[in-house]
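Below: the structure, in structure tokens.
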There are 2 protein chains.
Amino acid sequence: MDTSLRDRIRAGLRQHDLEEVRDRVLQWDVSEQVELLERLSPSERAVVYRLLPRETAFQAFGRLDTPLQGELLTALRSEEVHGLVAELDPDDRVKLLDELPATVARTLLVDLSPEEQDATGLVMGYPAGSVGRRMSPEFVALDRRMTVDQARAAVLERIDDAETVYALPVLDEQKRLCGIVGLRRLLATDGSALVGEILREAVTVEAHAPAEEAARRCADEKLLALPVVDGTDRLVGILTFDDALDVLEEAESEDVARSGGAEPLRRPYLSTPVRSIVRSRVVWLLVLAVGATLTVRVLEVFEATLEQMVVLSVFIPLLIGTGGNTGNQAATTVTRAVALGDVRVRDVGRVALREVRVGALLGAALGTVGLLGVGLLYGWAVGAVIGLTLLSVCVLAATVGGVMPLLARALGVDPAVFSNPFITTFVDASGLVVYFLIATAVLGL
Amino acid sequence: MDTSLRDRIRAGLRQHDLEEVRDRVLQWDVSEQVELLERLSPSERAVVYRLLPRETAFQAFGRLDTPLQGELLTALRSEEVHGLVAELDPDDRVKLLDELPATVARTLLVDLSPEEQDATGLVMGYPAGSVGRRMSPEFVALDRRMTVDQARAAVLERIDDAETVYALPVLDEQKRLCGIVGLRRLLATDGSALVGEILREAVTVEAHAPAEEAARRCADEKLLALPVVDGTDRLVGILTFDDALDVLEEAESEDVARSGGAEPLRRPYLSTPVRSIVRSRVVWLLVLAVGATLTVRVLEVFEATLEQMVVLSVFIPLLIGTGGNTGNQAATTVTRAVALGDVRVRDVGRVALREVRVGALLGAALGTVGLLGVGLLYGWAVGAVIGLTLLSVCVLAATVGGVMPLLARALGVDPAVFSNPFITTFVDASGLVVYFLIATAVLGL
């Protein structure tokens, strides 16, 4: 979106030129309208939102990130809000209500029809972070004893209000999930056949399972909908692929932010106030800085050595920087592998062994370059110190970097939290110790 | 998967106990079988693959990462290979053929039926990295003049071989794409209505557009299928959501790896040979190490200052580490925002301004802590130097970190490439310069 275009909209709003603003905005398609809404201030957003025709406004609302939805609701009038909330699907509604203060959420819930309250209450009964909290309870389930004709009729009956009709869970006589059939298969099969003959085995997930795990299962198996069951295999809801994608996107943002050493922003970057950005980073930064005082201590211990050979301090950033990069690489690779399910906690031995070898090869390459480069300019003794330190630091950093995410997963902590920044700090301190031990040994200090 | 279980399989293979291995493997579901295949050596993989019944084998094959598919093909006998390749959908086939050496790919193509050759050739006509290369040419298109009854009949005709029947592109009289309609809508509407009355506007993408861009559009708009058109708006293929998810996963892995300072692995971590891992990291590491020699030069320039006050070297890792973390945070946030489409290149001014403010606030917080902490132990002059340096470094690092990804995008380079590691190196060197300038000024050296 053109900045000047947005500025013109804002100017129009300031001058209360609402007719013109509306004409302009209505020429755009929904994604452009959403982009505009994301970049306005909360009050401007509410004004523009009201200018949109009801159907478009609802579409745009659905496409906003949930925190912005919450903000928008706070700025709208009460009856507009209730109308909006009532129209949402139960799973989207719960997502929104989770964003709002509890008192506001309660008032909104109370105004819903009994059926909608039930549907919402069902979903809200599950803990935050579980797939039960993100699923839709509005599904079409077939009975295995039905004929295909009966099944098609059942689908047509619910065709307007079910979350999806393309993936149809199948229940047995005790109402337990026994399979799934695609609408495509249903249409392609002769009408007198039984549903039980054409169903296939369903991938399912338990309602209390973590939402991220369920979403990744859905994405890996490329499912249109993943049936969610309770402890007795009874169907309680479905996680459709669009909700799975949302869950994954949030999880990715979280991982990416944390491995970069900050808390994730829960809204688009440019609509996040500066103080929120600061808040998402300052705690991390302080914790890491405190951790880095470890390096200060190490250097205090070796201060005498440094006084003897000040030239040693000249290589400190290079050495610990290389250690940091190496550890970073290993941690990033393994964290990603864990997220994709390619590596499990029990693989820690294999990973450590692999990273030791990788670190050794990398360290050998870098150490040789370091030995030659430094040796030619500073003498072979110093060159040897740098070369050996690079080798040791690479082995150390790669191993620590590769193992940390698995250790984190074993402790039940987010691997991305343990990742890059923490590892760098740890590797910095130990790298310095190794450096000075090698220097003392080789140079006889 | 239990390591001991896999080892038992491998033992069984070594002892040529194929009956037992097959019985065991057939008890598992497809994802477990795929996991096993991922963790075997190439020759073991081929043996186990052959033990599977044809339908299961084909399913498992489809679920392997493409490099492993390629490896597997190389180990199978020629007629097995040709059968497999012929059965794949055109888009999966092209993905696989792209992995194989050109000569092998050509022989495989030649053996396909003329229709399959055409479908494959169509897709291969598009450049690698474009959505045309990843789309499926097997779609069902409706004509806007059809009645709903005629449309349903058209769907039933193609119900077995079309890539999807749930999202149906609609063409006008000149065979140009004019909209799209969901199968759900088609079934819910009265049979005598015209398709043209119930279609909705379609999001489309041009065949030469980057695959990642198209995939993200597909995911953002939660589309089951995204129609792909040529320059004259004629429909050439569709990108279904499962292929979009694959594209996004590869793109994410690439971004994540590069911001961690390495090339992406194109296969699961544990099936990647050590030398491949080393190769994916060594170039990066060397480049970064060479970049870090900049810090060596800076420190050489200020070596005399360091000799005067050796205590200054004690804080070097802390200061540049904090700068690195701050820059890292900013770069990670902005790179993610760029990937999600929340920030564009033209927003660089807003981003820079925002990060200057964030950096100033963070730096003020850290600088105060530094001033107090260091001042109490080393005297207020040194404390002031550390405090001021932390403030300056945070502002510098945050701004550089926030702007680099946009600069990269503007230059047409991968933002994740420019990101964290490069920024850290740049910020290290400039941070040191700032440090010594402040120290010289405050301490009168």
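Letters A, B, ... are given to chains in the order of the sequence lines, protein chains preceding strands, and every chain is numbered from 1. Heavy-atom basis, side chains included; hydrogens, waters and symmetry copies ignored.
- Rounding to the nearest 0.5 angstrom, the gap separating the NZ atom in B/K222 from the CG atom in A/D243 is 8.0 Å.
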Intermediate values then yes/no, salt bridge (charged side-chain N to carboxylate O under 4.0 Å, His left out), A/R344 and B/E35: CA-CA 12 Å; A/R344 305 279 168 81; B/E35 211 187 310; 3.3 Å; yes

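- Proximity to chain A involves both the backbone and the side chain of B/R184, based on heavy atoms less than 4.5 angstrom apart.
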Test side-chain contact (heavy atoms from CB on, under 4.5 Å) applied to B/V310 and A/Q308, step by step: CA-CA 10 Å; B/V310 177; A/Q308 281 188 282; over 6 Å; no

A/R39 vs B/D347, salt bridge (charged side-chain N to carboxylate O under 4.0 Å, His left out): CA-CA, chis, key distance, verdict: CA-CA 11 Å; A/R39 287 155 191 254; B/D347 293 315; 3.3 Å; yes

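- Using a 4.5 Å heavy-atom cutoff, the side chains of B/Y269 and A/R354 are in contact.
- Proximity to chain B (any heavy atom under 4.5 Å) is restricted, for A/V369, to the side chain, taken from C-beta onward.
- Taking the six-membered ring where the residue is Trp, B/F241 and A/F241 present tilted rings, their angle falling between 30° and 60°.
- A distance of 6.5 Å separates CG in B/N328 from CG in A/N328, rounded to the nearest 0.5 Å.
- Remark: side-chain polar atoms of A/Y166 are not paired, donor with acceptor, to backbone N or O of B/V165 under 3.5 angstrom.
- There is no contact between B/R279 and chain A, counting heavy-atom distances below 4.5 Å.
- Contact of B/R275 with chain A is not made at all, since no heavy-atom distance falls under 4.5 Å.
- A/I159 touches chain B through backbone and side chain together, each having a heavy atom under 4.5 Å away.
- The contact between B/E38 and chain A is made entirely by side chain atoms (from C-beta outward), counting heavy-atom distances below 4.5 Å.
- Residue contact with chain A, scored on non-hydrogen atoms closer than 4.5 Å, involves the backbone and the side chain of B/L270 alike.
- We find the CG-CD1 distance between B/D428 and A/I320 to be 8.0 Å, quoted to the nearest 0.5 Å.
- If you measure heavy-atom distances from B/L156 to chain A, the contacts under 4.5 Å come from the side chain alone.
- For A/L187, the parts lying near chain B are the backbone and the side chain together; criterion is any non-hydrogen pair under 4.5 Å.
- Comparing B/L432, B/L223, B/D342 by how many heavy-atom pairs each has under 4.5 Å with chain A, the most go to B/D342.
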Intermediate values then yes/no, side-chain contact (heavy atoms from CB on, under 4.5 Å), A/E307 and B/E307: CA-CA 7 Å; A/E307 278 182 14; B/E307 278 182 15; over 6 Å; no

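- For B/V334, the part sitting under 4.5 Å from any heavy atom of chain A is the side chain, from C-beta outward, and nothing else.
- Comparing B/C394, B/A188, B/G359, B/G182 by heavy-atom pairs within less than 4.5 Å of chain A, the highest count is held by B/A188.
- For a residue to count as touching a neighbouring chain, one of its non-hydrogen atoms must lie under 4.5 Å from one of that chain's; by this rule B/E249 touches chain A with backbone and side chain alike.
- Both the backbone and the side chain of B/V351 have a heavy atom closer than 4.5 Å to some heavy atom of chain A.
- To the nearest 0.5 Å, atom CD of residue B/Q329 and atom CG of residue A/L285 are 5.0 Å apart.
- For the set A/D220, A/D246, A/I316, the count of heavy-atom pairs under 4.5 angstrom toward chain B peaks at A/D246.
- Contacts between B/L224 and chain A at a heavy-atom distance below 4.5 Å involve backbone atoms as well as side-chain atoms.
- Among the candidates A/G291, A/S313, A/A337, the residue making the largest number of heavy-atom pairs closer than 4.5 Å to chain B is A/S313.
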